[in-house]
Amino acid sequence: MSRLLHRDTVPPVPAAELTARSADGSRIHVELHGPEDAPAVVLAHGWTCNTRFWDAQIRDLAADHRVIAYDQRGHGLTPEPGPGGYSTNALADDLEAVLAATLAPGRRAVLAGHSMGGMTVMAAAARPGLREHAAAVLLCSTGSTRLAAEARVLPLRAGALRTRITTAVLGAKAPLGPVNPVSRRILKYATMGAGSAPDRVDACARIVHSCPRRARVEWGHVLAELDLAAGVRELRVPTAVIAGTGDRLTPPVHARAIAAALPVGLGLTELAGMGHMTPVEAPEAVTAKIRELVTRYVATGTAAERKAATAEKEDVA
């Protein structure tokens, strides 16, 4: 049984919850897990998902990390924004608001973004808030541009026709309806690897089907026109990339292009047979990479700062 549903089937209980206020006044729901003074990790989920997408990572990391997870606007417990509230600038605003609300000035964290969460990080790459608080970044199953052109969900030859139909699918207004055997098969084909365990498919289906239709449609339009290539070049912190070789939504061509363009790239990890939902399909691999980044870029600095602070207090005494 997957870690997502192991131990118990209820979501991890946060140590605290708060509301961050974005630049346009939008309220962003934030969960805080784990010890307050532990090395910090910030998790940004993808399109049609919510904080529950990260349950496996939260359960593992919260034992010895401060894990900060938030619902993107229009998802989970974060309300839908008003008119004009769907854009990559809004995603960047929201991330900056979350960082400001949860991290003291100068405190640094590992930022992990999946799919639209990774796009959020890229959109915020040049923002002062990200540069102040990001010690390192993990981009999971994401892309920076040409999402509709490169997607392989539709069994058609690459070209203008496939791009037009994919764009229409991204913005489709039809309701997803209840989770059932047919919808689970469709979701698995579109977003997960062929070998994905049934409980992991079911967990993803329930998360995706809970997304409000308006948010799904509005963000689908944003993704269809996405161009964050400049954001990749502005991401001047150590950044690792993970992708599934069987990803139909953001095929590995995106991850390879991002990894090649990063100013401080830490390499690309391709997970054989995995689809788009890597944090759920391969939770151990994603969590291990986050831990590696924390150990290398956050924990050592935190320990050094504490040692210096202790020495200073002893000198004063």
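All values reported here derive from a predicted model rather than from experimental measurement. One-based numbering along the sequence shown.
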Quick one: [atom1] on [X] to [atom2] on [Y], what's the gap to the nearest 0.5 Å?
X      : Y      : atom1 : atom2 : value
Met122 : Arg233 : CE    : CZ    : 12.5 Å
Leu77  : Ile28  : CG    : CD1   : 11.5 Å
Arg127 : His133 : CZ    : NE2   : 13.5 Å
Glu284 : Thr287 : CD    : OG1   : 7.0 Å
Ile68  : Leu43  : CD1   : CG    : 8.5 Å

Side chains of Glu96 and Pro128 in contact at under 4.5 Å (non-hydrogen atoms) | yes
Are Asp202 and Arg184 close enough that some pair of their side-chain heavy atoms sits under 4.5 Å apart?
-> yes
Take the angle between the ring planes of His114 and Trp54 and call it parallel below 30°, perpendicular above 60°, tilted in between.
-> perpendicular
Describe, in one word, how the ring planes of Trp219 and Tyr86 are oriented to each other, choosing from parallel (under 30°), tilted (30 to 60°) and perpendicular (over 60°).
-> perpendicular
Could you tell me whether a side-chain N or O of [X] sits under 3.5 Å from a main-chain N or O of [Y], the two making a donor and an acceptor?
X      : Y      : answer
Gln72  : His45  : yes
Arg66  : Gly34  : yes
Ser210 : Ile207 : yes
Glu281 : Gly193 : yes
Ser196 : Val201 : no
His209 : Gly177 : yes
Gln57  : Pro279 : yes
Thr163 : Gly159 : yes
Asp227 : Thr145 : no

Is Arg213 salt-bridged to Glu80, going by a charged N under 4.0 Å from an acidic O?
-> no
Pair Glu234 + Arg236, salt bridge at N-O below 4.0 Å | yes
Among His254, His276, Met119, the one residue meeting side-chain contact (heavy atoms from CB on, under 4.5 Å) with Thr142 | Met119
Heavy-atom pair of closest approach, residues Ala148 and Thr167 | CB-OG1, 3.4 Å
Residues Ala134 and Arg108: closest non-hydrogen pair is O-NH2, 3.0 Å
Atom pairs and distances, side-chain donor-acceptor, residues 15-24, under 3.5 Å, sequence neighbours left out:
residue	atom	partner	partner atom	Å
Glu17	OE2	His29	NE2	3.2
Arg21	NH1	Gly25	O	2.9
Ser22	OG	Asp94	N	3.4
Ser22	OG	Asp94	OD1	2.5
Asp24	OD1	Ser26	N	3.0
Asp24	OD1	Ser26	OG	2.9
Asp24	OD1	Arg73	NH2	3.1
Asp24	OD2	Ser26	OG	3.3
Asp24	OD2	Arg73	NH1	3.0
Asp24	OD2	Arg73	NH2	3.4

Greater than 12 external heavy atoms within 6.0 Å of Arg107's CZ = yes
